[in-house]
Amino acid sequence: MILAVLLGFIFALLTPLWNRVFPKAFPFLFSALPILLFVFFAIKLEGIQGTNFIIEKNSWIPQLGIDLNFRLDGLSMLFSLMITGIGALVFVYTSYYLKGHIYLDRFYAYLSMFMASMLGVVLSDNLITLFIFWELTSISSFFLIGFNNEEKASRKSAMTALGITGFGGLVMLAGFVWIGSISGTYSLTELMNQPEVLKINPGYVWILILLFTGAFTKSAQFPFHFWLPGAMKAPTPVSTYLHSATMVKAGIFLLARFSPILGNSLEWNWTLTIIGAITMTYAAIHSLFRTDLKSILAYSTISALGILVFLIGLGTEDALLGAGLFILTHALYKAALFLITGIIDHETGTREVFKLSGLQHKMMPVAIAGYIAALSSAGVPFFLGFLSKEVMYEAVLNLPQAAALLTFLAVLTKIFLLVAGFWAGIKPFRGSVSDAAESAKMPSPRLWIPTTLLGFLSIAFGVFPGLVEKSLILPVLNSIAGYEVDTYLALWHGFNLVLLLSILTLVLGTGLYFYWKPSPEKFQATTRFSSLSPEHLLAVLGKGFQSFAERWTAFFQNGYLRNYVITILIFLSVLIGYRLFSGVYIYLDWNQISEITPSEFIVVSLMVTSIFFVVLSRSRTAAIVALGVIGFANCLFFLYYSAPDLAMTQFSIDTLTVLLFMLVLFKLPLNKTFSSPKIRIRDAIISLFFGTLIAILALEVFEEPSVREVSDYYADNAYILAKGRNVVNVILVDFRGFDTMVETVVLVIAAIGVFSLMYLNLNPIKKD
Amino acid sequence: MKSIIFRTSSKYLLPILLIFSVFILLRGHYLPGGGFVGGLMAALAFILHSFAFGLKETRNIIKVHPGFLMPLGLVFALVAGLAPWIFQEPFMTGLWYGEPLRMIGMVGTALIFDIGVYFVVIGSVLTVMFSIREII
């Protein structure tokens, strides 16, 4: 399985090569990848029946409990099949949709990277690995959403999506680490074997909050939903892939995955139910006011995700069955609708729903696929959507509490979703041919075959639920519930309240579809409330943050070197001063200090004289030379205390510094006065204070008991281990050779930095 | 810097300093010295020369752009680090050639590594100094 997960990354790495070698054929090469993986997973279906699962172990970082174990059970199987299956269709579709695009290779690389990370998310058995793949999906979707990177809106949406989902992922990581520290394992399989450990822990609620943040941001739950409609800036195949089958469902996957581990408590059930209910109704209402097909679909996707969270929150067997079924249903019909939207956009150049009609005369197969998808989303009998709707209604009706309210919300959402689905799948095709549809032609089979295939599956599974019931849906239910569930899925439940509600939904929904027409005016009407939307509030917050950052930067990074130095010195003085005056006892043992020799006295007086000279001198050159004298005097001290290496290095460095100063200062304009007396007094105070602090600090070092172990070790072993008598050099080239190697690299980088600063940046000015 | 004394002295100082820097480099493992100091010294020699005779003259003596010494040095250091792999030893293990040589002492990968450092230091210091001099 590890190869199956990582293959997408490998393919992505090889793109540039393949694009060179087979520029024409490489889309097909890529399309083979998901098909291959789909077959690979389909073969494994046998092994996951009932509550069985397949686990594959690969050690990665055993010291930290992080490994690349993969777990294939009902839930991950459903997702893997969706990811690879719909992935295959999207890959084929893209080969025509973006034909001739200059960045087609890049697009495929992102797409397969995304597929691989998504597979990693659903298959990982290890929480940390899951997190890594989770963030990889955010990153690769960032590239995909921002694929048209020359558009500002596209870049903005990509940033928003990355910001929100990435933030959620990090919060989730905290939750994972917490779980790991409580239960002592990052393995999902092991966690499932000991679910009670987490539930009785006082941190349980916090873990829930952390995990929910991750899941809600990823799955676009209220109030984090707004990144998803923005993400529609991506090319349509991406929207299909991200929004129907994969990325946004990652949050749902996480909730379903943790349902047996953390679920079935009051906090879990109610939070998810409430958030899910808000999201599904809110987004369903929103979708009625949109006119852009993709926007309609985006909101109906959010609503569908809300339904899933809601169902997982209810937590009853019926509800979980409904969730499992609806994941599949939604993936099939939503992917079809997105692909159809892409075709419409490709052929007519518009996605405004009120401008489109009569397309069935131009592209019959697409129209049929659209009808099937719309009817499936509406939940008409004989379509897969009907089954999932029935199960959902049954689940809400049988609730012990608040059944009436939740049923009402569920029916309402379904009615609105029906309308949204009809707009996307039926409206553009019916009626007389509109102006926009005039120029449309029958698209390439590579575009419409994937769509019809999805539609065909919606019918096939709807008419013969036995096809997926035992083999796929039941294992999913088992893995969400955490135990073996026996259930019966059928087309006909008999005449009862559930069926009545279904009929009510269909009738009211169809009525609303004929009564309520999408128009730009209605869209305008909603914009009045946009100042209250979470999106707007976040934007305000972001603006405030930015203006604060600008002010902060303007204050501290004002471009004057002297101000930088002053800031740094004051900051350090305060920091060190605080530490020194709060708790450090300064004590100097005069007896331990040896007598001053004449040579030391001479050198020190040399230094002091030079310091006065530097401060009081009116000539730059003299000041620099005096600074050099101080450095050289320091070298003498190193020599006295038997550190010739240091002395030599210091000597060379000092010479270099003086030369460098000379070079630069000679070219500076000659100021008559350097600074006003006031500034000089201020500087003097600051430097005196700072210097005193450093001096105290240096004296403080004597107080610390010196540890001789390290130096003794080097002294003893320098010749034995490294065959050198000069300990300093031996440490540099042998004991700590790796450090030196990295330092040389740093040196090179610095030199290149100076070089490029000099030649690249200043050249234009020189030319002027 | 048109002083005749300075010019004459730096003319003779250049080779002397260079030889001295190599000397310092080679004795580094046993006595004070090493690649870093040696490199600084060599760089100083060239810089002094460039102060006396101008940048162009010094560049003519060096022939190559000093920047080329940086990758060269890195390669030396890397080779010294990788060499133990041939003998199935961990990265950067010191390898030594039998008997000590006169003046230099034992010859081994540590010395090659030091030579790498020497070149990197000369290269980067000269690159920085020369580019600043040239532009300003």
Side-chain angles (χ1 to χ4, degrees), chain A residues 639 642-656 659-660 662-668 718-719 721-738 740-759 761-763 765-766, chain B residues 21 24 27-44 47-48 50-51 66-67 70-71 73-74 76-78 80-81 91-94 96 100 105-114 116-117 119-121 123-136:
Chain A
L639 270 182
S642 56
D645 280 282
L646 265 182
M648 260 156 79
T649 316
Q650 171 84 18
F651 187 83
S652 326
I653 292 281
D654 241 338
T655 318
L656 269 175
L659 286 175
L660 196 66
M662 289 284 211
L663 257 182
V664 177
L665 284 189
F666 262 117
K667 305 289 174 177
L668 286 181
Y719 193 75
L721 294 178
K723 312 221 185 326
R725 286 206 185 83
N726 177 3
V727 180
V728 177
N729 189 268
V730 167
I731 291 174
L732 279 178
V733 299
D734 202 294
F735 287 125
R736 314 290 316 239
F738 203 75
T740 313
M741 188 178 262
V742 179
E743 274 155 22
T744 53
V745 176
V746 172
L747 206 60
V748 170
I749 293 171
I752 293 172
V754 173
F755 182 79
S756 43
L757 263 179
M758 285 298 150
Y759 285 93
N761 219 2
L762 295 180
N763 258 350
I765 302 169
K766 206 170 131 192
Chain B
S21 80
I24 291 238
R27 78 201 276 260
H29 216 55
Y30 290 87
L31 299 161
F36 191 71
V37 189
L40 282 177
M41 220 156 259
L44 264 177
I47 291 167
L48 273 181
S50 80
F51 267 75
M70 297 192 287
L74 287 182
F76 265 94
L78 199 68
F91 186 67
M92 294 221 45
T93 312
W96 298 96
M106 297 286 280
V107 175
T109 48
L111 186 67
I112 299 175
F113 187 80
D114 233 5
V117 175
F119 280 131
V120 169
V121 170
S124 44
V125 171
L126 285 187
T127 308
V128 170
M129 291 299 276
F130 282 3
S131 51
I132 288 178
R133 256 207 91 178
E134 201 157 45
I135 295 298
I136 289 186

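Labels below follow one simple rule: chain letters A, B, ... track the order of the sequence lines, proteins then strands, and each chain is numbered from 1.
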Nearest heavy atoms of Met741(A) and Ala77(B), plus distance in Å:
CE-O, 3.1 Å
So, for Phe113(B) and Gly737(A), which heavy atoms are closest and what is the spacing to 0.1 Å?
CZ-O, 3.3 Å
Where does Val121(B) contact chain A at under 4.5 Å (heavy atoms): side chain, backbone, both or neither?
both
Value rounded to 0.5 Å, distance of OG in Ser124(B) from CD1 in Ile752(A)
9.5 Å
Under 4.5 Å to a heavy atom of chain A? For Ile24(B) that would be side chain
Can Phe51(B) and Leu663(A) be said to form a side-chain contact (heavy atoms from CB on, under 4.5 Å), step by step?
CA-CA 10 Å; Phe51(B) 267 75; Leu663(A) 257 182; 4.0 Å; yes
Heavy atoms only: give me the nearest Ser652(A)-Leu40(B) pair and the separation to one decimal.
CB-CB, 3.7 Å
Out of Ile132(B), Val125(B), Ile47(B), which one pairs with Leu660(A) under the side-chain contact (heavy atoms from CB on, under 4.5 Å) rule?
Ile132(B)
What option among Thr109(B), Leu48(B), Leu126(B), Asp114(B) has the most heavy-atom pairs under 4.5 Å with chain A?
Asp114(B)
Going from CZ on Phe36(B) to CG on Asp645(A), what distance comes out if it is rounded to the nearest 0.5 angstrom?
11.5 Å
Roughly how far apart are Leu659(A) CG and Ser50(B) OG, rounded to 0.5 Å?
8.5 Å
Can you tell me how far the CZ atom of Phe76(B) sits from the OG1 atom of Thr744(A), to the nearest 0.5 Å?
13.5 Å
What distance do Met41(B) atom CE and Leu656(A) atom CG have between them, rounded to the nearest 0.5 Å?
10.5 Å
